There are 2 protein chains.
Amino acid sequence: MRLSSLADYAVVMLTAAARSCGTARLNATLLAEQTGVPLPTAQKLVSRLSAAGLLESARGTGGGVRLSRPPSAITLADIIEAVEGPIALTTCVDLERHDCALDGHCQVKPHWGIVNEAVRGALASVSLARLASLPSSDHRAAMPVMAVAEVLN
Amino acid sequence: MRLSSLADYAVVMLTAAARSCGTARLNATLLAEQTGVPLPTAQKLVSRLSAAGLLESARGTGGGVRLSRPPSAITLADIIEAVEGPIALTTCVDLERHDCALDGHCQVKPHWGIVNEAVRGALASVSLARLASLPSSDHRAAMPVMAVAEVLN
DNA sequence: GCCAATCGGACCGAACTGGTCCGATTTGAG
DNA sequence: CTCAAATCGGACCAGTTCGGTCCGATTGGC
């Protein structure tokens, strides 16, 4: 239940990119300096985010990267999936590889899809624009969460 | 963003335990047979779940385990935390070890706590009793999720 | 036409997960 | 009271994925 450091770094880097959106052309070196992410790791992430379509890259001298969409149209779920692959709490909800040992008579399997979508939805509701803004002063530690149970039969 | 197989197995085993709650005394061997989880793994999980207080164990001949609380009072979050440890998407929300390389000037850090609580809340809203029941016929693939963004500043 | 700067992919070591096994402990029967 | 069976509990080991580093391919400017 912990997301990889690469995904964490990617969020930090894209947040920094969103702040200077449009103002300057960005590259891996600059993002690494602004965020503190090690340069080689930043390079790898730039590659992966470009391949996923979140960044548009230009090679050669004076090249670099920029957000391919406005920050409000990029969500946490997008970033995580770009770095880690599809969000799938269990292997059985991953459409690609449904190789679960208990597959046949598993009574829980039908529920995982719902739970997975709930978590994914929570992440998809957070936009990069929101993450780039400074936090408000009135954090409510505990938040009212929609009842997954209500749709879980 | 994928939870460990052990956590998955634990959910399946506890779901099976909830079905035969009160009817029979359970042990690791029985749960392994009913669920298909390999016996040694089931034993390990029984240990861990007992240590976490979700199962009450009795040793010796005729011993075994049983749920320490009614299934409605056990949530997915409880099970996952019992097996994997605290739910912490990033290291910086883990109160124990906040050793993040970017700790000093990370602009995203304030937001992670909110997102983490949202995900945790989603998992905490699913009870074991709900998982043990058969799924309804009208699955709604996409579910309305509360807007995390609304509390994120 | 050459050079410099940038992205893209391949390689390697380390940490964790998952699986297996054996010992410690307790109860029930004889 | 002693023995023995059955159970939980923890230690050990292999496999895999993750994280980090490096070098080559490509492009645009001079």
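No experiment lies behind these values; they were computed from the predicted model shown. All chains are named by letter (A, B, ...) in the order of the sequence lines, taking the proteins before the strands, and each is independently numbered beginning at 1.
Across A:Leu67 and A:Ala18, no two heavy atoms sit closer than the pair CD1-CA, 3.9 Å.
In this structure, A:Arg2 atom CZ and D:dC18 atom P are separated by 15 Å, rounded to whole Å. For the pair A:Gln43 CD and D:dG19 P, the computed distance is 18 Å after rounding to whole Å. Distance CG (B:Leu39) to C1' (D:dA6): 13 Å, rounded to an integer number of Å. In this structure, the CG atom of B:Leu30 is 14 Å from the C1' atom of D:dA6, given to the nearest Å. One atom, CG of A:Leu26, and another, P of C:dA5, lie 18 Å apart when rounded to the nearest Å. To the nearest angstrom, C1' of D:dT16 lies 14 Å from CG of B:Leu6. Spacing between atom CG of B:Leu31 and atom P of D:dC8 amounts to 9 Å, rounded to whole angstrom units. Distance, A:Glu33 CD to C:dT6 P: 11 Å, rounded to whole Å.
Applying the side-chain hydrogen bond (donor to acceptor under 3.5 Å, both in side chains) test to pairs two or more places apart or on separate chains, those with a residue in residues 53-64 of chain A are A:Glu56-A:Arg66. Legend: salt bridge (charged side-chain N to carboxylate O under 4.0 Å, His left out) pairs involving residues 84-93 of chain A, not counting sequence neighbours: none detected.
A sub-4.0 Å separation between OP1 or OP2 of C:dG9 and a side-chain N or O of A:Ser47 is absent. Dashed line: the shortest gap from a side-chain N or O of B:Ser4 to OP1 or OP2 of C:dT17 is not under 4.0 Å.
Atom CE of residue B:Met1 and atom CG of residue A:Leu76 lie 10.0 Å apart, to the nearest 0.5 angstrom.
Nearest-nucleotide positions on DNA chain D place B:Asn27 closer to the 5' end than the other of B:Asn27 and A:Pro38.
For A:Ala58, the side-chain contact (heavy atoms from CB on, under 4.5 Å) criterion is met by no residue, not counting sequence neighbours. Partners of A:Asp78 under the side-chain hydrogen bond (donor to acceptor under 3.5 Å, both in side chains) rule, at least two apart in sequence or in another chain, are A:Thr75. Applying the side-chain hydrogen bond (donor to acceptor under 3.5 Å, both in side chains) test to B:Gln34 and every residue at least two apart in sequence or in another chain returns nothing.
Contact of A:Lys44 with C:dG8 (side chain to base): no donor-acceptor pair of N or O atoms is detected under 3.5 Å.
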Determine, stepwise, if the pair A:Thr91 / B:Arg2 fulfils side-chain contact (heavy atoms from CB on, under 4.5 Å).
-> CA-CA 8 Å; A:Thr91 56; B:Arg2 180 164 305 177; 4.2 Å; yes
Worked verdict on A:Glu81 versus A:Arg120 for side-chain contact (heavy atoms from CB on, under 4.5 Å) = CA-CA 10 Å; A:Glu81 290 191 330; A:Arg120 196 190 180 292; 3.0 Å; yes
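Note on B:Thr29: nothing from the nucleic acid sits closer than 4.0 angstrom, heavy atoms only. In this structure, A:Ala28 reaches the sugar-phosphate backbone alone: every heavy-atom distance under 4.0 Å involves primed, P, OP1 or OP2 atoms, never a base.
Residues from residues 53-61 of chain B with heavy atoms under 4.0 angstrom of DNA chain D, sorted by number: B:Ser57, B:Arg59, B:Gly60, B:Thr61. Residues from residues 8-15 of chain A lying near DNA chain C, meaning a heavy-atom separation below 4.0 Å, are absent.
Candidate nucleotides D:dG19, D:dT21, C:dT20 were compared by shortest atom distance to the side chain of A:Pro40, and D:dT21 ranks first.
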Expected list for residues 41-54 of chain B: side-chain donor-acceptor pairs under 3.5 angstrom, two or more places apart:
residue	atom	partner	partner atom	Å
B:Ser47	OG	B:Gln43	O	3.2
B:Arg48	NH1	B:Val83	O	3.1
B:Ser50	OG	B:Val46	O	2.8

